[in-house]
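Read the structure below first, then the notes.
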Amino acid sequence: MKGDVAANTARIDEAERRVSDAEDVLENVNSALNSAIKRIAFLESKTDDLENRGRRKNLRVLGVREGAEGKESLFDFINNMLPQWLELSPGKSFTLERVHRTFASARPNQNRAILIRFLKFQEKEYVYREARRQGITHEGVKITFVQDLSAETVRVRRSFNAITKLFVDIKAFRGFQHNPCKLRVLHNGKIHLFSTPHEAEEFYKSISQSE
């Protein structure tokens, strides 16, 4: 009888030791997994930042009809039209590196965006600022100049669309901060940054209730 009890005790001790060892291994695996997740998130953020930096001198033009350039090359068409669209003095021009439609397949009644890469960042910023200020049309259709951003940055910005409209209505929207992408809001003379739409929505509710 005593022998059986001793044998059972030994088996229980061995089982407990194995469970403890397994728990230690699992804890180490979880720690390594969490470290890997953080590292991947960091690398994704760096990659997204590098991609956006590589696009800093780019603009996308939306709304220009496919084939609007006629017999001209698209490069020459845009190079000639930019000063006209911005109502600049004759002889004013910009130094462009390349111009092309986005690589998506052309579809009926859908105009692909035109991608413009400027040689100088300052020229790109000037065109972007003036185009937004003036409001430009071509062939009676409004065309829009937008920043050329990474797919991830576009996805994050779109997630803020609903709350952004509310801040625009109260003239508090101040664009986005890059890397990481955050919504910028001006309130009482101070810029507030929001990483998620939920944070921004809670802030909007709080200032709405206080006014």
Side-chain angles (χ1 to χ4, degrees), residues 34-64 74 78 82 85-86 94-107 110-136 142-187 190-205 207:
N34 288 333
S35 295
I37 291 173
K38 291 179 181 178
R39 181 63 177 170
I40 290 171
F42 171 76
L43 292 174
E44 287 178 341
S45 176
K46 292 293 289 183
T47 300
D48 190 57
D49 180 49
L50 288 172
E51 184 176 351
N52 281 321
R53 287 177 184 274
R55 296 170 181 250
R56 289 177 73 245
K57 295 190 288 184
N58 295 356
L59 282 179
R60 288 180 178 240
V61 186
L62 312 178
V64 177
L74 189 59
I78 292 296
L82 279 177
W85 285 335
L86 300 177
F94 301 98
T95 307
L96 309 182
E97 288 191 9
R98 62 177 180 269
V99 178
H100 60 80
R101 295 273 182 181
T102 54
F103 295 121
S105 300
R107 298 179 181 178
Q110 183 173 336
N111 301 312
R112 293 171 297 169
I114 296 174
L115 181 67
I116 306 173
R117 183 169 181 83
F118 293 79
L119 180 63
K120 299 176 181 178
F121 174 75
Q122 292 81 359
E123 290 190 347
K124 169 257 181 176
E125 284 291 286
Y126 174 82
V127 170
Y128 178 62
R129 184 174 62 251
E130 288 300 304
R132 287 174 62 87
R133 184 181 66 84
Q134 295 183 25
I136 296 172
K142 180 181 178 181
I143 61 175
T144 307
F145 288 70
V146 299
Q147 303 275 12
D148 183 37
L149 302 169
S150 70
E152 176 60 17
T153 299
V154 171
R155 183 194 67 78
V156 174
R157 285 192 175 194
R158 283 177 178 167
S159 71
F160 283 95
N161 278 354
I163 188 61
T164 294
K165 292 177 182 177
L166 296 178
F167 284 120
V168 168
D169 289 342
I170 61 173
K171 297 180 172 57
F173 175 64
R174 290 300 182 272
F176 288 89
Q177 173 181 291
H178 295 302
N179 192 42
C181 184
K182 294 183 180 182
L183 177 68
R184 300 175 75 248
V185 171
L186 178 66
H187 181 66
K190 181 181 177 182
I191 291 290
H192 300 264
L193 301 174
F194 303 99
S195 300
T196 67
H198 178 71
E199 290 178 0
E201 289 164 5
E202 292 300 311
F203 181 76
Y204 180 82
K205 291 177 184 177
I207 63 177

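Fair warning: this is a prediction, and the values are worked out from it, not measured in the lab.
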How long is the gap from [atom1] on [X] to [atom2] on [Y], to the nearest 0.5 Å?
X      : Y      : atom1 : atom2 : value
Lys57  : Asp148 : NZ    : CG    : 13.0 Å
Gln177 : Ile191 : CD    : CD1   : 10.0 Å
Arg132 : Thr144 : CZ    : OG1   : 9.5 Å
Phe194 : Glu201 : CZ    : CD    : 11.0 Å
Arg117 : Arg56  : CZ    : CZ    : 10.0 Å
Ile37  : Ser35  : CD1   : OG    : 9.5 Å

Compare all side-chain heavy atoms of [X] with those of [Y] and state whether any distance is below 4.5 angstrom.
X      : Y      : answer
Val185 : Tyr204 : no
Glu199 : Lys182 : no
Ile207 : Phe167 : yes

Inset, instruction - May I ask you to say whether Glu125 pairs ionically with Arg129, meaning some side-chain N is under 4.0 Å from a carboxylate O? - result: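 No salt bridge links Glu125 with Arg129.
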
Inset, instruction - State whether Lys165 and Asp169 are salt-bridged, where the test is any N-O pair (Lys NZ or Arg NE/NH1/NH2 against Asp/Glu carboxylate O) under 4.0 Å. - result: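 Looking at Lys165 and Asp169, the cut-off is not met.
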
Legend entry - Crowding at CZ, Phe121 (>12 non-hydrogen neighbours, <6.0 Å):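 Enclosed: over 12 neighbouring heavy atoms sit under 6.0 Å from CZ of Phe121.
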
Inset, instruction - For the residue pair Phe94 and Phe118, categorise the inter-ring angle as parallel (less than 30°), tilted (30 to 60°) or perpendicular (more than 60°). - result: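 Perpendicular: the ring planes of Phe94 and Phe118 meet at over 60°.
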
Legend entry - Parallel, tilted or perpendicular, as decided by the 30° and 60° cut-offs, for the rings of Phe176 and Phe160: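 Taking Phe176 first and then Phe160, their aromatic rings stand perpendicular (interplane angle over 60°).
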
